[in-house]
Amino acid sequence: MATSKLRGNDLRKIGFPEGRATTLALNILEDRQLKTLDKGSALALLQKIKADPYAYLRDSLWRELAKEFVPDPKRDVTLNSEIKDYRRYGEAFIEDGARRQMDTAMQLPVTLDGALMPDAHQGYGLPIGGVLAVDNAVIPYGVGMDIGCRMALSVFPVPSHYLDQHTQELKKLLHNHTRFGGKEVFKNPTDDPILERPEFREIAVVRGKRDAAYNQLGSSGSGNHFVEWGVVEITDDDNDLDLAPGQYLGLLSHSGSRGLGAAIAQHYTKVAMSKCPLPPEARYLAWLDLDSQEGQEYWAAMNLAGDYASACHRDIHRRLSQALGEKPLAKVENHHNFAWKETLPDGREAIVHRKGATPAGKGVLGVIPGSMTAPGFIVRGRGERDSIQSASHGAGRRMSRTQAKQNLSEGDVRRHLRDHGIELIGGGLDEAPMAYKDIHQVMAHQRDLVDVLGSFTPRIVRMDAGGGGKSRYGGE
DNA sequence: ATGTCC
C-alpha cells in the first residue's frame with residue numbers, strides 16, 4: 001500500500017506538469033495491479049513514461065498518461081517553428097538549460113520579443129533571468145512562484161563605522177525584528193491597509209489566503225531571501241538619491257509575497273495549463289488571454305501580491321528603523337517576478353514578464369545584490385531596448401542547490417565568511433556565497449543596461465536556517 | 001518559494 005503515499009507534490013519534483021498528467025498518474029496508481037509497487041519504483045516508472053511516452057502508447061494501463069507527454073496537434077497550441085531572435089547578455093556563462101528554455105519561449109505564437117540576462121539559470125517554464133514580451137496575454141510561470149519578489153534598501157544618516165562599533169547590537173536587532181522560515185511569523189502582525197483591498201473579497205483563491213496574509217505580513221520566508229545590515233557607498237555625485245558621496249549604514253531586504261503569491265501562482269498556472277495546452281517542452285509556458293475572465297483575475301491578483309510584497313518590506317524596514325532609532329535618508333525598491341504593461345520601441349503594447357530580472361527603464365533605480373561576501377550595486381537603468389529595459393536581478397547561481405550541498409562543507413563556508421568579516425544568522429550550504437557567480441563579471445556584461453551609482457556591501461546577514469537535506473528547486 | 005494538496 002506504499003503507493004497510496006505518493007502525492008502530487010512528489011510528481012512535481014520529477015517534472016510532472018500541474019493538472020491532468022498528475023491527476024491521471026495518481027489515479028492509475030490506484031489500480032489494484034499496481035498496489036504492490038513501492039513509492040520509489042512508482043516514481044521511477046512515471047519518470048520513464050515521461051521520458052519515453054511513445055513506448056507506453058500501447059500499454060492499456062498507461063496509455064492515457066503517456067498521451068499527455070506526446071505532442072498532439074489536435075489538442076496542443078502549435079509553436080512557431082522559427083525561434084525569434086533575442087539578445088543574450090554574458091552568453092558564455094549561461095547554462096544550456098536556460099538557453100533552451102528561452103528558445104522555447106521565443107517560439108510561442110504570442111511572443112513579441114525576449115532577452116536573457118547574464119545571471120540566467122534554469123527554472124520552471126521561463127528561465128530565471130528571462131525577459132519575455134507577449135501580445136495581450138500573461139504567463140503565470142513567466143512571472144514565477146514568488147510573485148512581486150523584490151529588493152528594498154534603506155540608507156541611514158549613520159556613518160558606516162557604526163557597523164564595527166555596534167556589531168552585536170545590530171545582529172541582535174536582526175534576530176529580534178525579522179522572521180524567517182515557513183512557520184516563524186510576528187506575534188503582533190501589522191494591520192496594513194493592504195488587507196482591506198477588495199481583491200481579498202472578490203477573488204476566491206485570494207480570499208482563502210487573507211488570514212495567512214495577515215499573519216505573514218512582514219515575515220521574510222526562506223530560500224534566497226535575506227535581511228542584512230551593510231555599508232552603502234555612494235560613488236556618483238549625480239545619484240538621484242540626494243546623497244552626498246560617502247559611506248553610510250544601510251539595510252537591504254530581499255523577499256516576496258509569501259503564501260499569498262504562491263497560492264495565486266499555483267492556482268492560475270493550473271487554470272492556464274488546462275485552457276492553453278502546449279507541446280510538452282513548452283507546457284509550463286501556458287498563458288491566459290488578458291481579455292478573459294481568468295486573465296483579468298490573475299492580473300488583479302498578481303498586482304495585489306506585488307503590493308503585498310511591498311507592504312512586507314515596508315514593515316521590515318519600519319520595525320528595524322524604529323529599533324535602530326533612525327529615519328532613512330533615502331530608499332530604493334525594485335521588484336522582479338512580475339509582468340508589466342509596456343510599450344515596445346516599435347510602438348506595440350506588450351505584456352513584459354521579468355522573471356528574476358530587474359526593470360531598467362531610463363532613469364529607473366534598482367539594487368542588484370552580489371552575494372554575502374561580494375558587494376551589490378545601486379543602479380540606474382539606461383532604457384536599453386535590446387534588453388527590453390531590463391537587467392539581472394543578482395549574480396545568479398554557479399551551483400544548483402543540490403550541487404552546493406554536495407560540494408561545499410560547513411567548515412569551508414564558515415572560514416570564507418570569517419575571512420570576509422561577515423556575521424551570519426541562519427543560512428544553509430545551498431546559499432553559501434561560493435554557490436553564486438562573480439557579480440563583477442555579471443555587471444561587466446550589463447554595462448549597456450545600467451549605470452552604477454553606488455554599492456552595498458553586506459556585513460550582518462540573516463537568512464532562513466536552510467533546508468538541510470530537503471530537496472529544493474528553482475530560486476528566484 | 002510555498003505548504004505538506006490533485
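The distance between atom CD of Gln266(A) and atom C1' of dT4(B), rounded to the nearest whole Å, is 11 Å. Asp211(A) places its CG atom 16 Å from the C1' atom of dG3(B), with the value rounded to the nearest Å. For Asn224(A) and dT2(B), the CG to P distance is 9 Å, given to the nearest whole Å. Taking atom NZ of residue Lys183(A) and atom P of nucleotide dT4(B), one finds them 11 Å apart after rounding to whole Å. If you measure from atom CZ of Arg401(A) to atom P of dT2(B), you get 10 Å, rounded to the nearest angstrom. Distance, Met273(A) CE to dC6(B) P: 16 Å, rounded to whole Å. Nucleotide dC5(B) holds its P atom 19 Å from the NE2 atom of His267(A), rounded to whole Å. With rounding to whole Å, Tyr141(A) atom OH is found 14 Å from dT2(B) atom P.
Donor-acceptor pairing under 3.5 Å is recorded for the side chains of Thr190(A) and Arg318(A).
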Please table the atom pairs, donor to acceptor, closer than 3.5 Å between any side-chain atom in residues 293-307 of chain A and protein atoms at least two apart or in another chain.
{"from": "Gln293(A)", "atom 1": "NE2", "to": "Glu297(A)", "atom 2": "OE2", "distance (Å)": "2.9"}
{"from": "Glu294(A)", "atom 1": "OE1", "to": "Lys275(A)", "atom 2": "NZ", "distance (Å)": "3.3"}
{"from": "Gln296(A)", "atom 1": "NE2", "to": "Leu290(A)", "atom 2": "O", "distance (Å)": "2.8"}
{"from": "Glu297(A)", "atom 1": "OE1", "to": "Tyr268(A)", "atom 2": "OH", "distance (Å)": "2.6"}
{"from": "Asn303(A)", "atom 1": "ND2", "to": "Trp299(A)", "atom 2": "O", "distance (Å)": "2.9"}
{"from": "Asp307(A)", "atom 1": "OD2", "to": "Arg197(A)", "atom 2": "NH1", "distance (Å)": "2.9"}
{"from": "Asp307(A)", "atom 1": "OD2", "to": "Arg197(A)", "atom 2": "NH2", "distance (Å)": "3.1"}

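Counting only heavy atoms from C-beta on, Arg7(A) has its side chain closest to dC6(B) among dC6(B), dG3(B), dT2(B). When distances run from any side-chain atom of Leu26(A) to the nucleotides dC6(B), dG3(B), dT2(B), the shortest one goes to dC6(B). For Gln216(A), counting side-chain heavy atoms from C-beta on, the closest listed nucleotide (dG3(B), dC6(B), dT2(B)) is dG3(B).
Residues satisfying the salt bridge (Lys or Arg N to Asp or Glu O under 4.0 Å) criterion with Lys50(A), sequence neighbours excluded, are absent altogether.
Side-chain N or O atoms of Glu199(A) include none that pairs as donor or acceptor with a backbone N or O of Val206(A) at under 3.5 Å.
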